[in-house]
There are 2 protein chains.
Amino acid sequence: MAAAAGVSITTVSDALNGKGRLPDATRRHVREVADRLGYRPSAAARTLRTGKSGLIGLTVTTYGDEPFTFTEFAYFAEMARAATSAALARGYALVILPATSRHDVWSNVALDGTVVIDPSDHDPVVSELVRQGLPVVSDGRPAGSLPVTAWVDNDHEAAVLGILDHLADAGARRIGLLTGTSTDTYTHLSTTAYLHWCERVGQDPVYEAYPAHDPCAGAVAADRLLARPDRPDAVYGLFDPNGTDLLAAARRYGLRVPDDLLLVCCSESTVYASTEPPITTLSLKPRRIGTAVVQLLIDAIEGVESEQPVEQVIPTELIVRTSSERRAARRTVSPPRSPEEG
Amino acid sequence: MAAAAGVSITTVSDALNGKGRLPDATRRHVREVADRLGYRPSAAARTLRTGKSGLIGLTVTTYGDEPFTFTEFAYFAEMARAATSAALARGYALVILPATSRHDVWSNVALDGTVVIDPSDHDPVVSELVRQGLPVVSDGRPAGSLPVTAWVDNDHEAAVLGILDHLADAGARRIGLLTGTSTDTYTHLSTTAYLHWCERVGQDPVYEAYPAHDPCAGAVAADRLLARPDRPDAVYGLFDPNGTDLLAAARRYGLRVPDDLLLVCCSESTVYASTEPPITTLSLKPRRIGTAVVQLLIDAIEGVESEQPVEQVIPTELIVRTSSERRAARRTVSPPRSPEEG
DNA sequence: TGATCTTGCAGAAACGTACCTGTCAACGGG
DNA sequence: CCCGTTGACAGGTACGTTTCTGCAAGATCA
C-alpha cells in the first residue's frame, strides 16, 4: 500500500487518520490509491497498537446453556436492539458473550468494556472483568457489593406499588401476584414491594411463585393461583407470558376479565393490545435502558473514570387497557341490585 | 510473564498452547504462574499473528436505522440465540453489525466470516465481504446472483402449498392471504406460491399486502381483508403479528374462529398456544436455521473452501391448533339438513 | 570414540499499525 | 550571510503474539 502510493507507511497512516502535517494533495492522493486498491487497515494491528478494539461485550446471565433466557424474549430483544444501535452510533460493535466463567471465548476477544444484563451477586465474570480493569455497566441494580462501573435500572418498587394502587382504584379487593422463584433483584424487589403493600393496606398476600425460566411452569402457576380458595379478584404477573396464561386460566374458570378478574402483567409484547380483552401491561422501557447502558459504558471507556458507580433510574410506563378498567362496584357499598348480575 | 516464570517467551506460548516439545513439569509450572498472575494472552496480538479473530459477524438487512426489523422479533431472537450458542460451542463469538455499507464499524473489527440474514439482491455489504475473501453464509436464499459461500433456507413454496391444502382439507372454500409489500425472497416466494395454488384449484386470489416493517399497518390490512365483499373464509398471514390482528378483526366483524373463519399464521411466538381460540402457526424452525448457518460458516472458515455454494433446506413445521380445525361441511355437497345449521 | 538423533529450550522474525523522532529543504528576519 | 522556523515527509520502534530456526546437552549406536 505505501509502496503503491509512492509514500512511506507513516504518510499513509497520517493521511488516512487525518493526522500529521500533510498537504491536502498528498492526503487525497493516498486516499485515492487506498480506495482503488480496496485497502482496509487491519483492525487487529490497530487494536494491538492502540489498545482499543471498539468492541463491547453483551452478557446475559442465564439458567441453562442458552445465551438468553426464555421468558424475557421481547425485553431482551428490544434492549439488545437499542444497545446495538447506540453502540453503532458511537462507532462500537456489540459482541454476544456467555455469562459462564469459562475463559475460552472471553479471552479470545479484545473488549473495551462490557454490558451485563441482570448480574447475580458476586458474579465471577464481572469480578474477572473488573480485575482486568475493564469498565462494566449492568442492566439491573447489582446485587450485593458487585463492583460495577455504573448501572441502570427501573424503580421496581415504585412500579409495583403503582400497579397495586391502580388495581385497587379499579375496584380490586384482593390482589394476587404471580412471581418467580429465582433470586434476581427484579423478582426480589417486586415481591418485597408487594408484601409491603399488602401489609400496609391490611390484605393477606396471595401469590404463587414458579421457576420463570421454565416456559410451561407459568401456565400451571397461573392456574394454581386462580384455583385457590382465597382466589384473588385481580392479579399482577411479573413475567411476559403471564398475561396470556392468566387469561387462559380465567377462561377455564369462567371468570370474565375485567368484570370478575382484573389483570396486569409486565411485558414488552405488543400482542397484549390485541387480546380479548386487551391486557394492561407495565413496560420497563428496555429501549431506554439499552441506550443508557451503552452510553454510560462508552463514557467510561472514553472519558474520565469516576470513582463511585454512576446510577441511573429509568421510569416505567403503565399501559392501561381494558383488563384493568374500573368495574362497577359490586358487593361493596351498594347491595346487589338486579338479577342480571347473578 | 516470561520473566516471572523464569523461561522464555517461546516456552510460555508453547506451554499455554500445548505445542512444542516441553516436559509436563515445565508446562505445569508455566500454567501455574500464569494462573497466579492472572495472565491472559492478548487477543489482539494473537489475531494479528494468526489472522484468525474467532469473531463472526451477524447482520440483518433492515428498513430503518434499527439493527433488527420489528415484525420478526421472535424469529430473529430465536435464530440469533441458536446461532450464538452454536458459535460459542465452537469457540467463536458473534458480533452484531449493521447492514449499512458505511465502513466505519465494519473495518474496525476483524472478522473471520459473516452471517447475513435475508440479504437483498446485490447487497453491497456481501459483495465487499466476498471481495475481501471472507466466507459469507446467508439465512435465506440469496436473491439474484449474490456470491455467498453457502445458504440455509426453508422451502417456502412447499410450506405455503401445505398450509393451503391443510385449510382446504379443513373445509375452506376461499382462502385469503395477508402478505407484505417488500421485495425480499420470503415474501416473494410465498406470494407466488399462493397465486400458483389459486390458479391450480381455480380460486380467485384474495389478498392484502402491507409494509411489514410498520407495526400498525398489519392490523389495518387484516381489517381490510375481512371487510372485502369477497371475504375469505380462511386466511394465512405471512407475518408474526398477523394472528392476533386477524383474530381481533374477526371479532369486530362477528366472525367465529374456526367456525366462520379458519386462521393460520407464520410465527415463532408461543402466545398463539393460549389465545382464544389457539391459532395454528407455521414455524420456520429458526433454531435449526441459526445452528446450520453457523456450522456452515465455521466449516468454511476452518475447512476447505468448496467451489459452489452449499445449500441447505430446513423443513418447516405446521403446529395445528383449534383455529384451523376441520369444521362441519356447510354449503358443500350435502344440502342443508337441519335448522340448527342455519 | 566420534557420529547421529532426540530432548528442552531460547532467539529472532514477522504480523500491520500508530506515533515519536529525526532529516532535509525552503524561507524569512536580523 | 547565518540561524531559527516551518513544512513535508521518512525511519524506527513498540504493541504481544506465533512459529521457524538454532543450539546446546544428553542418549543411542556403529
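Naming: A, B, ... by sequence-line order, numbering from 1 per chain.
For B:D299, the salt bridge (Lys or Arg N to Asp or Glu O under 4.0 Å) criterion is met by B:R90, not counting sequence neighbours. Checked against side chain to side chain donor-acceptor pair (under 3.5 Å), B:S42 has no partners two or more places apart in sequence or in another chain. Listed by chain and number, the residues in a side-chain contact (heavy atoms from CB on, under 4.5 Å) with B:D153 are B:R141, B:W151, B:H156 (sequence neighbours excluded). With sequence neighbours left out, A:I314 forms a side-chain contact (heavy atoms from CB on, under 4.5 Å) with A:V152, A:N154, A:K285, A:R288, A:I289, A:A292, A:Q312. Residues forming a side chain to side chain donor-acceptor pair (under 3.5 Å) with B:T10 (at least two apart in sequence, or on another chain): none. With sequence neighbours left out, the side chain to side chain donor-acceptor pair (under 3.5 Å) criterion links A:T291 to no other residue. Residues forming a side chain to side chain donor-acceptor pair (under 3.5 Å) with A:T185 (at least two apart in sequence, or on another chain): none.
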**Asked** Reading nucleotides 7-17 of chain D from the 5' end, what letters show protein touch, with B for base, S for backbone sugar-phosphate only, - for no heavy atom under 4.0 Å?
**Response** BBSBBB-BBBB
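From one end of the helix from C:dT1-D:dA30 to C:dG30-D:dC1 to the other, with five pairs defining each end axis, the axis direction shifts by 60° (rounded to 10°).
Under a cut-off of 6.0 angstrom, the local environment of CD1 in B:I9 is sparse, with at most 12 non-hydrogen atoms contributed by other residues, nucleotides or ligands.
Taking the 5' to 3' direction, DNA chain C first and last meets chain A under 4.0 angstrom from a heavy atom at C:dG16 to C:dC20.
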Would you mind writing out the side-chain donor-acceptor pairs for residues 15-26 of chain B within the sub-3.5 Å range, not counting sequence neighbours?
residue	atom	partner	partner atom	Å
B:N17	ND2	B:S13	O	3.4

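Sorted by first then second residue, the side chain to side chain donor-acceptor pair (under 3.5 Å) pairs that include residues 44-55 of chain A, not counting sequence neighbours, are A:R46-B:N108, A:S53-A:D112.
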